[in-house]
There are 2 protein chains.
Amino acid sequence: MHTSLLQHIQKHINLEPSEIDILESALSISKIKKKELVLQEGQVCNTIYFIIKGCMRQYIINSKGAEQTLQFGIENWWITDYLSYHNHIPSHFYIQAVENSIVVAIEKTTLEAILIEIPKLERYFRIVSQKSFGAAQMRIKFLFTMSAEERYHHFNNLHPEFVQRVPQYMIASYLDFSAEFMSKIRAGKV
Amino acid sequence: MHTSLLQHIQKHINLEPSEIDILESALSISKIKKKELVLQEGQVCNTIYFIIKGCMRQYIINSKGAEQTLQFGIENWWITDYLSYHNHIPSHFYIQAVENSIVVAIEKTTLEAILIEIPKLERYFRIVSQKSFGAAQMRIKFLFTMSAEERYHHFNNLHPEFVQRVPQYMIASYLDFSAEFMSKIRAGKV
DNA sequence: TAAAAAACTTGAACTACTTCAAGAAAAGTT
DNA sequence: AACTTTTCTTGAAGTAGTTCAAGTTTTTTA
């Protein structure tokens with residue numbers, strides 16, 4: 001396993017050397033090719049992914065057959081469908097690699113075993129998921145209060161590198177407007 | 001403390017009698033009058049609230065001075081601003097009682113102490129917040145894929161009691177359309 | 001139980017966005 | 001280097017919603 005997950009965990013809790021050993025032996029990295037899907041709509045989600053390198057996204061296919069990105073994940077983010085994961089119900093989402101990516105993929109059974117061996121990790125996941133929930137609430141705030149153009153500029157200011165990395169149409173759908181409209185915003189034609 | 005919080009916790013983890021004692025003595029209930037604010041924009045949020053009875057909401061005031069509800073909480077829900085709570089930063093939100101409510105209000109210092117005494121509770125909060133995050137993602141999905149009318153009918157089917165309980169204009173803003181438009185949807189004039 | 005405040009309704013005018021269609025540019029593949 | 005696929009751009013026409021203003025109904029308060 002790459003050290004970045006350990007570092008991320010140790011930002012929030014202290015691990016003993018023995019606990020690090022347990023993690024090292026239980027977890028491994030995997031590579032995911034650009035465009036590869038790790039979850040599809042209708043499947044039950046049994047895995048959580050920590051992104052070591054690259055970029056993933058969670059998206060849906062709407063009633064018109066178009067993809068809409070709900071969530072991006074980059075280095076040091078977790079990505080999964082928690083509702084499907086916890087309730088054993090079919091997922092509404094696709095999870096896909098936007099770039100060739102390196103992740104730590106943890107199966108539910110593995111994670112449950114690790115959490116029993118290292119109960120301290122419950123705290124880590126608690127804090128991380130509370131912060132994610134907080135971020136989701138801010139996201140809803142921005143969707144509610146800003147115009148399309150404001151959302152674009154705000155996102156562009158906050159994550160300029162990111163806008164370079166992924167196709168514009170994915171960002172447009174993440175910000176909830178059409179790719180065509182994004183093009184016009186960028187050209188100043190609005 | 002009312003038993004409903006204990007029951008909610010014990011849906012997810014098993015508590016020893018001694019642990020229940022600790023909780024009982026550390027926590028107490030408080031009453032919040034309708035329209036009373038427990039958090040205002042600009043304040044740092046240092047408390048999490050478990051709703052025993054009643055209804056709370058998290059809202060913002062937008063650039064036009066109008067309130068927009070981001071989140072409702074009813075019986076057996078937690079409500080707080082996790083981003084402000086964790087990062088000690090001023091909140092973007094107001095949290096207010098929609099009805100006269102009874103809550104367990106837990107200060108950050110109290111909660112941290114309890115979590116050290118009963119580490120098992122980390123698991124409870126981890127699971128609850130992961131599920132909340134999953135629900136927030138579904139919420140974004142619905143906002144993205146459904147028309148205003150679809151969102152109204154969907155919400156009305158899912159939570160019919162709830163629509164009776166709170167003013168329509170709050171539900172309209174939660175579903176991200178105007179109170180006037182909601183009136184037209186209900187009258188079938190759209 | 002009257003008065004005041006809060007919540008809901010209605011229609012008309014407006015607008016921030018979408019959709020469509022077609023072409024251009026950029027990136028990926030052999 | 002040529003071909004294919006993917007991504008981005010542009011304008012014209014359409015529409016799902018908003019905003020405003022005024023009136024009505026319901027709920028709360030004194």
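FYI, side chains are in, hydrogens and waters are out, and symmetry mates aren't considered; it's all heavy atoms of this structure. Numbered from 1 within each chain, the chains take letters A, B, ... in sequence-line order.
Regarding B/K33, its NZ atom lies at a distance of 14 Å from the C1' atom of D/dT28, rounded to whole Å. To the nearest angstrom, P of D/dG17 lies 15 Å from CG of A/L143. As a whole-Å value, the separation of B/I171 CD1 from C/dA6 P is 19 Å. Computed from coordinates, the A/M146 CE to C/dC17 C1' distance equals 18 Å when rounded to whole Å. The CG atom of A/L175 sits 11 Å away from the P atom of C/dT18 (whole-angstrom rounding). Between the CD atom of B/E99 and the P atom of C/dA7 there is a distance of 13 Å, given to the nearest Å. What separates CZ of B/F177 from C1' of C/dT15 is a distance of 19 Å, to the nearest Å. Rounded to an integer number of Å, the gap from A/Q164 CD to D/dT7 P is 16 Å.
Side-chain nitrogen and oxygen atoms of A/S147 include none within less than 4.0 Å of the OP1 or OP2 phosphate oxygen of C/dA16.
Side-chain rings of A/Y49 and A/W77 stay apart, their centers remaining 6.0 Å or farther from each other. With ring centers used as reference points, B/H8 lies under 6.0 Å from B/F50.
Taking the six-membered ring where tryptophan is involved, the planes of A/F142 and A/H154 are tilted, since the angle between them lies from 30° to 60°. Between A/F162 and A/H159, the angle of the ring planes goes over 60°, which puts this pair in the perpendicular group of the 30/60° scheme.
Using a 4.0 Å cut-off between charged nitrogen and carboxylate oxygen, A/E99 and A/K31 do not count as a salt-bridge pair.
Side chain of B/E150 to backbone of B/S147: a donor-acceptor contact under 3.5 angstrom is found.
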Under-3.5 Å N/O pairs linking protein and nucleotides 22-28 of chain C:
none

Can you tabulate the close N/O pairs, meaning under 3.5 Å, that link protein atoms to atoms of nucleotides 8-11 of chain D?
| unit_1 | atom_1 | unit_2 | atom_2 | d |
| --- | --- | --- | --- | --- |
| D/dC8 | OP1 | A/Q168 | N | 2.9 |
| D/dC8 | OP2 | A/Q168 | N | 2.9 |
| D/dC8 | OP2 | A/Y169 | N | 3.1 |
| D/dT9 | OP2 | A/Q168 | OE1 | 3.2 |
| D/dT9 | OP2 | A/S183 | OG | 2.7 |
| D/dT9 | O5' | A/S183 | OG | 2.9 |
| D/dT10 | OP1 | A/K189 | NZ | 3.4 |
| D/dT10 | OP2 | A/K189 | NZ | 3.3 |
| D/dT10 | O5' | A/K189 | NZ | 2.8 |
| D/dG11 | N7 | A/K184 | NZ | 3.1 |
| D/dG11 | O6 | A/K184 | NZ | 3.4 |

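Across the helix from C/dT1-D/dA30 to C/dT30-D/dA1, the helix axis at one end is tilted relative to the axis at the other end by 60° (nearest 10 degrees, each axis from five pairs).
B/H92 and B/E41 form no side-chain donor-acceptor contact under 3.5 Å, judged by distance and modelled atom types alone. Side chain to side chain, A/R186 and A/Q168 meet the donor-acceptor criterion of an N or O pair below 3.5 Å. Inspection of the A/S91 and A/Q43 side chains reveals no N or O donor paired with an N or O acceptor under 3.5 Å.
Judged by the 6.0 Å distance and 45° axis criteria, A/R57 is positioned over the aromatic ring of A/Y59. Remark: A/R139 is positioned above the aromatic ring of A/Y174, its terminal NZ or CZ atom under 6.0 angstrom from the ring centre and at most 45 degrees off the axis.
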